[in-house]
Amino acid sequence: ASQIEDQAEQFFRSGHTNNWAVLVCTSRFWFNYRHVANTLSVYRSVKRLGIPDSHIVLMLADDMACNPRNPKPATVFSHKNMELNVYGDDVEVDYRSYEVTVENFLRVLTGRIPPSTPRSKRLLSDDRSNILIYMTGHGGNGFLKFQDSEEITNIELADAFEQMWQKRRYNELLFIIDTCQGASMYERFYSPNIMALASSQVGEDSLSHQPDPAIGVHLMDRYTFYVLEFLEEINPASQTNMNDLFQVCPRSLCVSTPGHRTDLFQRDPKNVLITDFFGSVRKVEITTETISLQPDLEIMESRYEKDWMNEELMEPLKYAEQLPVAQIIHQKPKLKDWHPPGGFILGLWALIIMVFFKTYGIKHMKFIF
Amino acid sequence: MAAALPLAVLGLLLLGPGGRGHAEPPRDTLREELVITPLPSGDVAATFQFRTRWDSDLQREEVSHYRLFPKALGQLISKYSLQELHLSFTQGFWRTRYWGPPFLQAPSGAELWVWFQDTVTDVDKSWKELSNVLSGIFCASLNFIDSTNTVTPTASFKPLGLANGTDHSFLRYAVLPREVVCTENLTPWKKLLPCSSKAGLSVLLKADRLFHTSYHSQAVHIRPVCRNARCTSISWELRQTLSVVYDAFVTGQGKKDWSLFRMFSRTLTEPCPLASESRVYVDITGHNQDNETLEVNPPPTTTYQDVTLGTRKTYAVYDLLDAAVINNSRNLNLQLKWRSPPEHGYVHYQPAQDRLQPHLLEMLIQLPANSATKVSIQFERALLKWTEYTPDPNHGFYVSPSVLSALVPSMVAAKPVDWEESPLFRSLYPVSDSSSYFVRLYTEPLLVNLPTPDFSMPYNVICLTCTVVAVCYGSFYNLLTRTFHIEEPSTGGLAKRLANLIRRARGVPPL
């Protein structure tokens, strides 16, 4: 019986082949240091557990590491006494500063990006991808603030996820949000295979963890701090499941009540591994055949010879003069192309002519034409 | 031993294909260089340059084999038909007045200027696509470059490399002053280097030290250059430069002794195995001056003298490929020490306390010969209490003159003074040493205009208020308390008779 159960369980194990992560910090200004530290902690854990930079879209709305107010440049700390520098030496921020807008975020999720967007800024997921979406910032009941100038509502977010589902852009999606009243953001989801976690219920505020007197701001939010502590224990081979993640940060530590939503998710959370979302699947096949890599040297050599001879030119080239004064003085400015006058100018002239003929009578026209 | 092993393996690989036929010419070379310049203000500037020269013509063939030249940039050149590309990210400003002229300065923020080849039909479209691709490579917001911040200079920004003609319609220039430089821009820049950050001079590039500086500028320059002195064929040159200025007070804690370890928290252990040249130059032009001597440790084996930026400079050269430089200690930690640091002497400053005591500043300075020394103090003007103003506040307030007391060397030795015998003007100041004389000089007093309130204001307010009150209240009082009677018009009167006379004379009907 247990064998049949195992087989059945195999059937329900997640069928994903690649992992993606979209990590968003939506707050600007130095006193929101903790939101950047939150996002970078999750980025760090996700990288450590195997997701490569090419599969992570990191959006930071402001620069804290090289901010002139940072007493230790190029660092972002998550713990006081500066124990853990989550910024690191190998960080790649894909969307930064003014590029973090609601429009860009929704475009990344739905894939409707202008064609000239570089690859590192795209979410190239397919229907076998497990995506982790982490958002942090200032939020309220039903909305999340972006850069203190615009908001994204829970309805827009739910619709974006539905678009992703219809375009088969994810296999399973884990949505984590660390803001005040975060649970309101996942209330409206209606697409299948989404699991959501939030740091606080509607009507509650998420609180920050501890300030650092040397840096002068709060370094992290409580919920993400305890999630980071939890994730530091995970390694790529660990079998910890989602139920443990739900227990992270009880009310005694977090002061707010973290919430979660699993009704849209098909599998039982106790069968879902943490590494299904935070880590990366690497299908490695070991083979014992030997394959020899020998470039075809004869072709290469003959090609080099041909190019070497072709490249000799007839006369020597020279570098351009950097400041040819005589040439600059005598160059004519380029004439701008003539454009016909636009609608406003035409309308103004028509009005003037009409007023003229109204005052002086239409009989003057015959003298002109 | 571990370092020697990969080098030996590399050697075997090079010999392998060469042994089959004739030796193929090297297609690309790498030179790396670090120049350390102690600046007149006590700070230290470090300039890294990594130059890859690739003897290939990217326009004519489909290149698929990249060795030292990074593939990301090679593909950009062929896809967008670039002739030159110059991209820089800078934080801070190069203070020429205190630091001297820079080798290569860049504007604060991000600057991108590109020369396209004359085969490009739609330059603006290529420019937009190129800035998007570069924003992805360097993790910067270069995608904000569009027609609102792009210009086509007509006279400057001539190509820095070989150029056939200079039609400026193929040039585009844009600057994003708001762009921030941080580790995420340094990481992809380092990844373009052949040795990445594993060996050679690039091990010194650690973000946490490089951004704790007054000036940080990293750049990528691609241009075609002459392959040899005859200049009959073209090579592509990629230069990656990084300039930083370490502040003596912020990072050096006020001490002016510098070492590679103090600046970069690393030392040099080996040259990049792929580099044909790997050198460190230290500017020791100040070495032989009398006031301060700069000592470089370990002492250099060779020096290099040349005229750079208009002045003759001497550089100490450390060649990392020379085995004697990295000796048995297996690392090279250059140290710069100032033998006799310039003393500012004695400074005493007592700040003022409002209505209690004034500012007092006393300084003992050694003035260098044939020079002018300027001492300046910044002050803020404050508003006094209104009873503290003098009756004529617009005259200004006086600041007492400064006093200069000096011992001036005498050109002619003086005889010792006998107080009773010599004239009175010789014994004003007691002198102990006949080779110099004491003098006390005073500057002019300073007249400072303080912000003065308008003292006529209360008088004006009272006048205006009284007028308004009188007019309004007076009118209302009159309207309320006076009664009106109709008056009969008076008949006759002398004026009326006179007026009628005049009217009759004019022929107008009478009143």
Side-chain angles (χ1 to χ4, degrees), chain A residues 53 58 60 62-68 70 72-75 85 87-99 114-122 295 297-298 300-305 307-308 310-324 327-329 331 333-334, chain B residues 17 20-22 24-25 27 55-57 60-61 65 91 128-129 131-137 139-141 143-144 154-156 158-164 166 168-169 178-184 186-188 197 206-213 216 224-227 230-234:
Chain A
D53 269 314
L58 178 61
L60 297 181
D62 202 357
D63 167 55
M64 299 302 166
C66 288
N67 195 312
N70 192 348
K72 293 216 143 212
T75 58
N85 173 18
Y87 197 59
D89 219 10
D90 195 22
V91 61
E92 279 181 28
V93 181
D94 301 304
Y95 286 84
R96 59 182 201 163
S97 190
Y98 296 123
E99 294 173 289
S116 50
T117 317
R119 211 186 153 95
S120 58
K121 287 182 168 172
R122 293 181 189 234
L297 292 160
E298 282 173 2
M300 262 169 58
E301 279 172 7
S302 62
R303 223 167 56 137
Y304 288 152
E305 238 182 71
D307 294 334
W308 191 248
N310 280 351
E311 283 163 15
E312 291 274 334
L313 297 168
M314 291 300 109
E315 51 196 51
L317 307 148
K318 50 188 197 332
Y319 292 105
E321 213 184 297
Q322 290 299 302
L323 207 60
Q327 189 191 11
I328 293 172
I329 292 175
Q331 73 186 9
K334 226 170 54 134
Chain B
R20 292 267 305 247
H22 48 80
E24 60 183 54
R27 303 292 289 173
D55 302 335
S56 145
D57 197 351
R60 275 194 267 153
E61 62 200 46
H65 181 65
Q91 163 222 320
K128 186 88 183 93
E129 284 177 22
S131 41
N132 275 319
V133 170
L134 286 172
S135 87
I137 297 178
C139 289
S141 318
N143 48 317
F144 285 139
T154 56
S156 55
K158 302 263 181 219
L160 290 175
L162 292 172
N164 232 345
T166 53
H168 279 257
S169 62
R178 184 63 163 102
E179 200 58 28
V180 170
V181 191
C182 209
T183 315
E184 66 252 22
L186 183 66
T187 310
S197 46
K206 287 296 159 201
D208 54 345
R209 302 299 298 166
L210 286 179
F211 288 103
H212 205 60
T213 52
H216 173 108
V225 291
C226 297
R227 195 177 300 181
R230 284 177 304 134
C231 210
T232 45
S233 37
I234 306 181

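If you're wondering where the values come from, they're calculated on a predicted model, not measured in any experiment. The chains referred to below are lettered A, B, ... by the order of the sequence lines, with proteins before strands, and numbering in each begins at 1.
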Please answer whether the main-chain N or O of B:P159 pairs with a side-chain N or O of A:Q322 as donor and acceptor at a distance below 3.5 Å. yes

Winner by heavy-atom pair count (cut-off under 4.5 Å) against chain B, out of A:R119, A:E92, A:R96: A:R96

For A:S116, is it the side chain, the backbone, both or neither that has a heavy atom under 4.5 Å from a heavy atom of chain B? both

Give, for atom SG of B:C139 and atom CG of A:D53, the distance between the pair rounded to the nearest 0.5 Å. 8.0 Å

As an exercise: rank A:N70, A:N67, A:D90 by heavy-atom pairs under 4.5 Å with chain B and give me the winner. A:D90

With rounding to the nearest 0.5 angstrom, report the CE to SG distance, A:M64 to B:C182. 11.5 Å

Residue selection (most heavy-atom pairs with chain A, distance under 4.5 Å) from B:S131, B:P224, B:A155, B:A163: B:A155

Can you find a heavy atom in the side chain of A:K121 that is under 4.5 Å from one in the side chain of B:N143? yes

Would you name the heavy atoms of A:A74 and B:F211 that are closest together and state the gap between them? CB-CD1, 3.8 Å

If you tally heavy-atom pairs under 4.5 Å between each of B:L134, B:L186, B:V133, B:L160 and chain A, the highest tally belongs to B:L160

So, the part of A:Y98 with a heavy atom under 4.5 Å from chain B: the answer is both

Separation between CG of A:L58 and CD of B:E184, rounded to the nearest 0.5 Å: 8.5 Å

Take B:T187 and A:D89 through the side chain to side chain contact (heavy atoms under 4.5 Å, CB included) test and state the conclusion after the steps. CA-CA 7 Å; B:T187 310; A:D89 219 10; 5.9 Å; no

